[in-house]
Amino acid sequence: MKHKYQVVCDSIEKKIQEGIYNDKLPTEDELIESYGLSRNTIRKAIEVLVRKGFVIPIQGSGFFIREISIDGAINLETFRGLTQDFNNATIITKVIHFEEQNASEAIAKELQCEVGAPIYHITRLRVVDNVKWVIEYSYFNRKHVPYLNKEILEGSIYNYIREGLNKQIGYVDRVLQARALTKDEAKLLDLNEGDPALLSINKSMLKTGEIFDYSIDVHNYKSTRFLKLSNFSY
């Protein structure tokens with residue numbers, strides 16, 4: 001369960017991204033009245049937003065919204081899935097491969113499950129506004145995601161986990177690296193074999209810390225951008 005300041009922080013961040021707050025945050029007193037929470041809770045939420053780089057404190061003037069170009073960029077500050085990150089875009093999902101299998105030693109190590117445990121192995125091509133954006137190789141632990149079908153896979157798996165299974169997604173560890181595209185990947189992305197590939201290697205965990213998804217996303221280098229907000233620290 002999230003702390004109250006985290007709920008407030010998420011709410012304010014969403015309003016910033018939606019343009020509801022587009023210049024300056026409301027005053028502390030206005031936020032206290034709006035959320036019905038203590039001054040300490042509101043201040044802690046704002047501290048997180050400052051640390052994440054969403055707002056800038058100007059002494060005597062308040063907290064101003066940073067001008068951030070996030071259109072078309074995958075935000076590394078959050079992980080909500082492609083459907084949520086690009087909710088104004090038209091996304092088509094093509095299921096390339098879908099099967100039930102038993103976890104190999106290598107996959108069991110990544111999912112922190114027993115060798116031979118039941119898993120789903122999925123390959124999907126995600127198309128964003130008619131651009132072949134990313135190939136997703138995913139392995140879901142069936143202990144935590146017991147049922148998937150083609151209809152779910154053609155939509156948002158993460159929305160299904162949150163809303164259909166009523167499970168709380170807590171953390172995502174991501175490693176970014178590069179390699180060359182294989183022949184099959186190049187064909188799926190309308191690129192050339194040997195072209196550069198931007199990889200995001202992800203381990204997604206529930207609030208309990210249990211890993212439910214290990215995935216490797218192969219992004220189209222011509223289209224993909226990543227955004228990481230940071231502030232200067234000594």
Side-chain angles (χ1 to χ4, degrees), residues 1-2 10 74-76 78-177 181-182 184-185 187-189 197-220 223-224 226:
M1 185 174 180
K2 286 188 175 182
D10 290 347
I74 295 171
N75 190 350
L76 295 177
T78 58
F79 190 97
R80 300 173 299 175
L82 196 68
T83 303
Q84 290 294 317
D85 279 343
F86 294 90
N87 56 11
N88 293 320
T90 299
I91 298 177
I92 297 172
T93 301
K94 299 181 180 180
V95 180
I96 308 300
H97 177 82
F98 174 42
E99 69 171 335
E100 300 175 24
Q101 59 181 225
N102 298 321
S104 65
E105 185 174 350
I107 296 302
K109 181 179 179 181
E110 301 294 350
L111 287 173
Q112 294 182 4
C113 65
E114 297 291 332
V115 174
I119 64 171
Y120 285 114
H121 178 206
I122 302 157
T123 303
R124 302 192 299 172
L125 173 67
R126 315 296 298 279
V127 182
V128 180
D129 288 338
N130 295 317
V131 176
K132 294 180 178 179
W133 195 275
V134 60
I135 302 165
E136 300 173 345
Y137 303 110
S138 302
Y139 301 87
F140 285 89
N141 187 339
R142 293 192 62 194
K143 175 183 176 182
H144 306 301
V145 187
Y147 178 74
L148 290 172
N149 61 22
K150 191 169 183 287
E151 181 180 0
I152 295 168
L153 299 183
E154 288 176 343
S156 170
I157 300 175
Y158 277 46
N159 280 352
Y160 165 70
I161 292 170
R162 286 190 297 259
E163 298 171 11
L165 299 180
N166 197 29
K167 295 194 175 186
Q168 290 187 315
I169 299 172
Y171 318 95
V172 181
D173 293 339
R174 309 180 80 177
V175 175
L176 303 181
Q177 68 181 60
L181 286 174
T182 67
D184 289 341
E185 290 168 347
K187 185 176 180 180
L188 284 173
L189 293 173
L198 299 173
L199 267 63
S200 173
I201 302 169
N202 318 297
K203 289 184 182 180
S204 301
M205 290 158 264
L206 300 172
K207 284 282 188 180
T208 57
E210 297 169 293
I211 299 172
F212 68 89
D213 171 29
Y214 168 67
S215 64
I216 301 172
D217 299 343
V218 182
H219 294 271
N220 185 329
S223 305
T224 305
F226 295 98

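Everything quoted here is computed from the prediction, not taken from an experiment.
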Contacts of [X] that satisfy side-chain hydrogen bond (donor to acceptor under 3.5 Å, both in side chains) - sequence neighbours left out:
{"X": "Glu114", "answer": "none"}
{"X": "Asp10", "answer": "Lys2"}
{"X": "Thr182", "answer": "Glu185"}
{"X": "Tyr139", "answer": "His121"}

So which heavy atom on [X] is nearest to which on [Y], and how close?
{"X": "Val131", "Y": "Ser223", "answer": "CG1-OG, 3.2 Å"}
{"X": "Thr224", "Y": "His219", "answer": "OG1-CB, 3.2 Å"}
{"X": "Pro118", "Y": "Asn141", "answer": "O-OD1, 4.0 Å"}
{"X": "Ser138", "Y": "Asp213", "answer": "CB-OD1, 4.0 Å"}

By ring pair (Phe, Tyr, Trp, His ring centres under 6.0 Å) - contacts of Phe212 (at least two apart): Tyr158
Take Asp184 and Leu188 through the test side chain to side chain contact (heavy atoms under 4.5 Å, CB included) and record every step on the way to the result. CA-CA 6 Å; Asp184 289 341; Leu188 284 173; 5.7 Å; no
Under 3.5 Å: donor-acceptor pair, side chain of Asn220, backbone of Lys132: yes
Say whether, by atom type as modelled, one donor and one acceptor occur between the side chain of Asp217 and the main chain of Leu199 under 3.5 angstrom. no
Test salt bridge (Lys or Arg N to Asp or Glu O under 4.0 Å) applied to [X] - qualifying residues, sequence neighbours left out:
{"X": "Lys143", "result": "Glu210"}
{"X": "Glu100", "result": "Arg142"}
{"X": "Lys203", "result": "Glu110"}

Do [X] and [Y] have side chains that get closer than 4.5 Å, going by heavy atoms?
{"X": "Leu165", "Y": "Pro146", "answer": "yes"}
{"X": "Leu125", "Y": "Leu189", "answer": "yes"}
{"X": "Ser215", "Y": "Glu136", "answer": "no"}

Step by step, work out the side chain to side chain contact (heavy atoms under 4.5 Å, CB included) result for Thr123 and Ile135. CA-CA 7 Å; Thr123 303; Ile135 302 165; 4.0 Å; yes
Residues which pass side-chain contact (heavy atoms from CB on, under 4.5 Å) with [X], listed by chain and number, not counting sequence neighbours:
{"X": "Val115", "result": "Glu105, Ala108"}
{"X": "Phe98", "result": "Val95, Tyr120, Ile122, Leu148, Leu153"}
{"X": "Asn130", "result": "none"}

Hey, which of Glu154, Arg124, Arg126 is the one that makes side chain to side chain donor-acceptor pair (under 3.5 Å) with Thr93? Arg126
Between CD1 on residue Ile211 and CG on residue Leu206, distance to nearest 0.5 Å: 10.0 Å
So Leu181 and Val218, side chain to side chain contact (heavy atoms under 4.5 Å, CB included) or not? Walk me through it. CA-CA 8 Å; Leu181 286 174; Val218 182; 3.7 Å; yes
Does anything in residues 89-99 form a salt bridge (charged side-chain N to carboxylate O under 4.0 Å, His left out)? List the pairs, not counting sequence neighbours. none
Between Asn202 and Ser200, is the side chain to side chain donor-acceptor pair (under 3.5 Å) condition met? List the steps. CA-CA 6 Å; Asn202 318 297; Ser200 173; 2.6 Å; yes
Assess the side chains of Asp173 and Tyr171: does a donor N or O sit below 3.5 Å from an acceptor N or O? no
Audit row: Ile201, Tyr214, side chain to side chain contact (heavy atoms under 4.5 Å, CB included) steps and yes/no: CA-CA 8 Å; Ile201 302 169; Tyr214 168 67; 3.8 Å; yes
Can you confirm whether more than 12 heavy atoms, excluding those of Asn166, are under 6.0 Å from its CG atom? no
